[in-house]
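Shown next, in structure tokens, is the structure this report addresses.
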Amino acid sequence: MQQTPDSANPFQDPIRFERRIPPCSVLIFGANGDLTMRKLLPALYRLAYERKLPPGFSIVGNSRTALTHEQFREKMRVSVEKFIENSPFDAQLWEDFARGIYYVPGDLSDPAFYLALKKQLEEIEKERGTGGNVLFYLSTQPSFYASVVEHIGASGLANHEGGGWRRVVIEKPFGHDQASAQELNSRISKVLPESDVYRIDHYLGKETVQNVLAFRFGNTIFEPLWNRQYISHVQVTAAESIGVEGRGAYYQEAGALRDMIQNHLLQVMATVTMEAPPYFGSDAVRDERAKLLRSIKILKTEEVDQHAVKGQYGPARVGNENLLGFRQEPGVSPEAQTDTYAAVTFFVDNWRWAGVPFYVRTGKRMPKRVTDIAIRFRKAPLALFSSMPGAEDSPLAAPNLLILRIQPDEGISLRFQSKDPAGGGMKLRPVSMDFNYGSSFGTRTPSAYETLLLDALAGDSTLYTRQDMVEASWRAVEPILNHWNNTKFDFPNYAAGSWGPKASDDMLARRGHEWRIP
Ligand code: BG6
């Protein structure tokens with residue numbers, strides 16, 4: 001996306017368009033964890049492979065485990081080789097890249113540890129010319145976020161005398177409800193200004209989610225239809241075929257509503273429904289997202305059962321495999337009341353969307369992995385053609401369906417009615433117009449973490465969540481969390497490998513709608 005001089009908006013931030021990363025380091029707290037190995041290091045390596053990182057770029061990892069620089073490098077090499085997707089591993093490049101990788105073991109609650117980090121960063125600055133610019137990445141257990149930032153402040157790591165920048169990326173979850181998100185923020189904001197706090201939501205970094213903005217605001221033909229006059233309802237689905245994959249203990253406390261809807265799916269929904277920003281700059285875009293999140297109707301306790309469905313999978317045999325039920329997973333209590341499936345009907349109380357249901361669902365152990373957004377348009381006002389099932393109130397009577405496919409099989413399809421040439425007469429049949437990323441662009445898509453890390457290094461927070469957005473999305477799910485917390489559910493209520501509990505179908509059926517099978 002190159003900006004031309006005559007299109008320049010005085011408020012537009014040029015870094016969004018030309019990525020110029022100054023010399024810098026990334027310091028990862030919790031570098032022995034899964035996220036570092038599966039996502040962060042492979043993403044940084046890919047950026048190096050694409051020559052997007054500056055000379056002297058360095059990484060400092062840390063955790064409690066005692067490792068030498070060399071042992072840590074070796075560990076990272078193994079995980080990069082394993083987890084870089086669709087890219088070759090270049091051993092020569094790795095050699096150069098690995099020279100900039102360091103490791104400092106230590107205890108997150110020990111002030112001396114932060115002094116050791118400071119010393120390591122100073123040495124790197126001298127040896128590799130990083131200019132004192134540091135991106136701290138908090139990938140620790142969430143309970144440490146506030147105290148790590150406080151230690152960063154107390155040890156003098158939050159500022160650099162030579163004028164280098166210091167930013168902090170904070171992994172999800174940011175709080176576990178509105179009050180804890182506020183409390184976390186108030187502790188962080190005593191150390192760093194909001195402009196240096198990058199709350200990550202990796203869904204916002206997905207190419208296909210970013211493309212929703214391009215699709216809506218880079219074209220003229222869809223936006224006039226993008227409202228309650230033409231849209232009957234919207235379905236957002238994020239289904240996963242995997243179970244909890246060894247994260248039973250975390251997931252038991254979190255549950256699907258917290259793990260996926262409060263953050264990822266509400267951000268996706270905001271991307272689909274927000275107003276056009278006046279220009280493409282970080283606060284302009286985030287103001288619109290925040291405004292939308294604040295417009296979500298807050299459910300009353302007595303409305304929750306009508307608008308939200310909680311599910312948990314039980315054991316099942318799928319194909320040749322015996323799948324465990326959630327309560328049988330390691331680390332999970334046999335009485336767990338956790339939601340491994342959640343479906344919510346949201347409403348957006350503004351002039352564009354009043355009355356349009358947004359059905360949002362997510363679940364583990366669904367029949368397949370798929371994330372998409374299905375926008376169902378209203379039916380034609382008259383059933384002109386006798387074969388058009390418009391007379392009945394069937395879901396087929398609303399033939400226009402726009403599907404934004406987030407993953408896998410990334411693309412966009414528009415379904416509409418067409419005359420079927422077979423058999424003569426005006427017989428109609430739904431057909432599809434398809435756009436597919438793979439065949440249209442043929443290039444590799446950067447991972448969400450590549451995009452987001454590059455953005456944070458460039459100082460661009462457009463795709464990061466701001467405190468007001470985080471709070472608004474907690475507010476939207478909190479009545480549901482509270483009500484579920486106070487209710488005992490008869491679980492399991494769906495079989496592993498199925499599309500979720502029947503109550504979820506009933507929730508849509510009450511409005512004459514039904515879930516699409518993606
Ligand atoms: C994470 C959740 O944030 O997102 C996981 O904690 C979930 O439970 C994951 O599996 C899904 O991400 P993606 O990119 O694989 O759709």
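Scope of the values below: all heavy atoms of this structure, side chains included, with no hydrogens, waters or symmetry mates. Note that the structure is a prediction, hence the values are computed from the model and not measured.
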A side-chain contact here means heavy atoms from C-beta on lying under 4.5 Å apart; do [X] and [Y] qualify?
{"X": "R286", "Y": "S461", "value": "yes"}
{"X": "F57", "Y": "L457", "value": "yes"}
{"X": "P42", "Y": "Y449", "value": "no"}
{"X": "I375", "Y": "V234", "value": "yes"}
{"X": "K368", "Y": "W499", "value": "yes"}
{"X": "I200", "Y": "T465", "value": "no"}
{"X": "T237", "Y": "T362", "value": "no"}
{"X": "Q407", "Y": "T208", "value": "no"}

Sequence neighbours excluded and cut-off under 3.5 Å, please list the side-chain donor-acceptor pairs for residues 292-299, or say none.
from	atom 1	to	atom 2	distance (Å)
S295	OG	K291	O	2.8

Answer with yes or no whether the side chains of [Y] and [X] bring together a donor and an acceptor at under 3.5 Å.
{"X": "H160", "Y": "E125", "answer": "yes"}
{"X": "S180", "Y": "D177", "answer": "yes"}
{"X": "R216", "Y": "N211", "answer": "no"}
{"X": "R46", "Y": "S447", "answer": "no"}
{"X": "D434", "Y": "S413", "answer": "yes"}
{"X": "W515", "Y": "S504", "answer": "yes"}
{"X": "Q467", "Y": "E194", "answer": "no"}
{"X": "Q306", "Y": "R510", "answer": "yes"}
{"X": "H233", "Y": "Y359", "answer": "no"}

Working to the nearest 0.5 angstrom, can you tell me the gap between [X] [atom1] and [Y] [atom2]?
{"X": "Q229", "Y": "I231", "atom1": "CD", "atom2": "CD1", "answer": "11.0 Å"}
{"X": "F97", "Y": "L47", "atom1": "CZ", "atom2": "CG", "answer": "8.5 Å"}
{"X": "L404", "Y": "I373", "atom1": "CG", "atom2": "CD1", "answer": "5.0 Å"}
{"X": "Y250", "Y": "E245", "atom1": "OH", "atom2": "CD", "answer": "14.0 Å"}
{"X": "N227", "Y": "T273", "atom1": "CG", "atom2": "OG1", "answer": "12.5 Å"}
{"X": "I152", "Y": "R166", "atom1": "CD1", "atom2": "CZ", "answer": "9.5 Å"}

Whether [X] side chain and [Y] backbone form a donor-acceptor pair below 3.5 Å:
{"X": "H483", "Y": "P479", "answer": "no"}
{"X": "R289", "Y": "L463", "answer": "no"}
{"X": "R415", "Y": "L401", "answer": "no"}
{"X": "N436", "Y": "G411", "answer": "no"}
{"X": "Q235", "Y": "R516", "answer": "yes"}
{"X": "S58", "Y": "G56", "answer": "yes"}
{"X": "D339", "Y": "L257", "answer": "yes"}
{"X": "R475", "Y": "Q178", "answer": "no"}
{"X": "R247", "Y": "Y251", "answer": "no"}

Nearest heavy atoms of [X] and [Y], plus distance in Å:
{"X": "V360", "Y": "F346", "answer": "CG2-CD1, 3.8 Å"}
{"X": "S232", "Y": "H513", "answer": "OG-NE2, 3.7 Å"}
{"X": "F280", "Y": "L213", "answer": "CE1-CD1, 3.9 Å"}
{"X": "G153", "Y": "A158", "answer": "CA-CB, 4.1 Å"}
{"X": "P88", "Y": "Y45", "answer": "O-OH, 3.9 Å"}
{"X": "T220", "Y": "P224", "answer": "O-CD, 2.9 Å"}

[X] atom [atom1], over 12 foreign heavy atoms within 6.0 Å:
{"X": "F144", "atom1": "CZ", "result": "no"}
{"X": "F416", "atom1": "CZ", "result": "yes"}
{"X": "E223", "atom1": "CD", "result": "yes"}
{"X": "E302", "atom1": "CD", "result": "yes"}

Practice problem: Please test E410 against R405 for salt bridge (charged side-chain N to carboxylate O under 4.0 Å, His left out), starting from the C-alpha separation and ending with a verdict. | Solution: CA-CA 5 Å; E410 291 83 358; R405 293 194 305 276; over 6 Å; no
Check: [X] ring centre within less than 6.0 Å of [Y] ring centre:
{"X": "Y437", "Y": "F435", "result": "yes"}
{"X": "F174", "Y": "W474", "result": "no"}
{"X": "Y464", "Y": "Y198", "result": "yes"}
{"X": "F222", "Y": "F215", "result": "yes"}

Quiz prompt | Partner of V60 by side chain to side chain contact (heavy atoms under 4.5 Å, CB included), out of I124, I28, V134, V26 | solution =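 Of all the options given, the one that passes is I124.
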Quiz item: Would you call E240 and K364 a salt bridge, taking side-chain N to carboxylate O under 4.0 Å as the test?
Solution: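 Here E240 pairs with K364 in a salt bridge, since their nearest N and O are under 4.0 Å apart.
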Quiz item: Does the pair E207/R444 count as a salt bridge with the N-to-O cut at 4.0 Å?
Solution: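 Looking at E207 and R444, the cut-off is not met.
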Quiz item: Could you walk me through whether T301 and N482 pass the side chain to side chain contact (heavy atoms under 4.5 Å, CB included) check?
Solution: CA-CA 8 Å; T301 307; N482 291 340; over 6 Å; no
Quiz item: Who pairs with Y145 by side chain to side chain donor-acceptor pair (under 3.5 Å), at least two apart in sequence or on another chain?
Solution: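 Y145 satisfies side chain to side chain donor-acceptor pair (under 3.5 Å) with no other residue.
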Quiz item: If you look only at pairs with a residue in residues 26-38, which of them pass as a side chain to side chain donor-acceptor pair (under 3.5 Å), with sequence neighbours excluded?
Solution: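 Pairs touching residues 26-38 that pass the test: N32-T65, N32-K75, D34-R38.
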Self-check item: Worked verdict on H264 versus D259 for side-chain hydrogen bond (donor to acceptor under 3.5 Å, both in side chains)
Solution: CA-CA 8 Å; H264 306 323; D259 187 50; over 6 Å; no
Practice problem: Run the numbers on V168 and V197 for side chain to side chain contact (heavy atoms under 4.5 Å, CB included), then give the verdict. | Solution: CA-CA 5 Å; V168 178; V197 181; 5.6 Å; no
Quiz item: Between W353 and F358, how do the two ring planes meet: parallel, tilted or perpendicular, split at 30° and 60°?
Solution: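 Perpendicular, since the angle between the ring planes exceeds 60°.
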Quiz item: Could you walk me through whether E275 and R352 pass the side chain to side chain contact (heavy atoms under 4.5 Å, CB included) check?
Solution: CA-CA 9 Å; E275 297 300 315; R352 191 196 272 259; 2.8 Å; yes
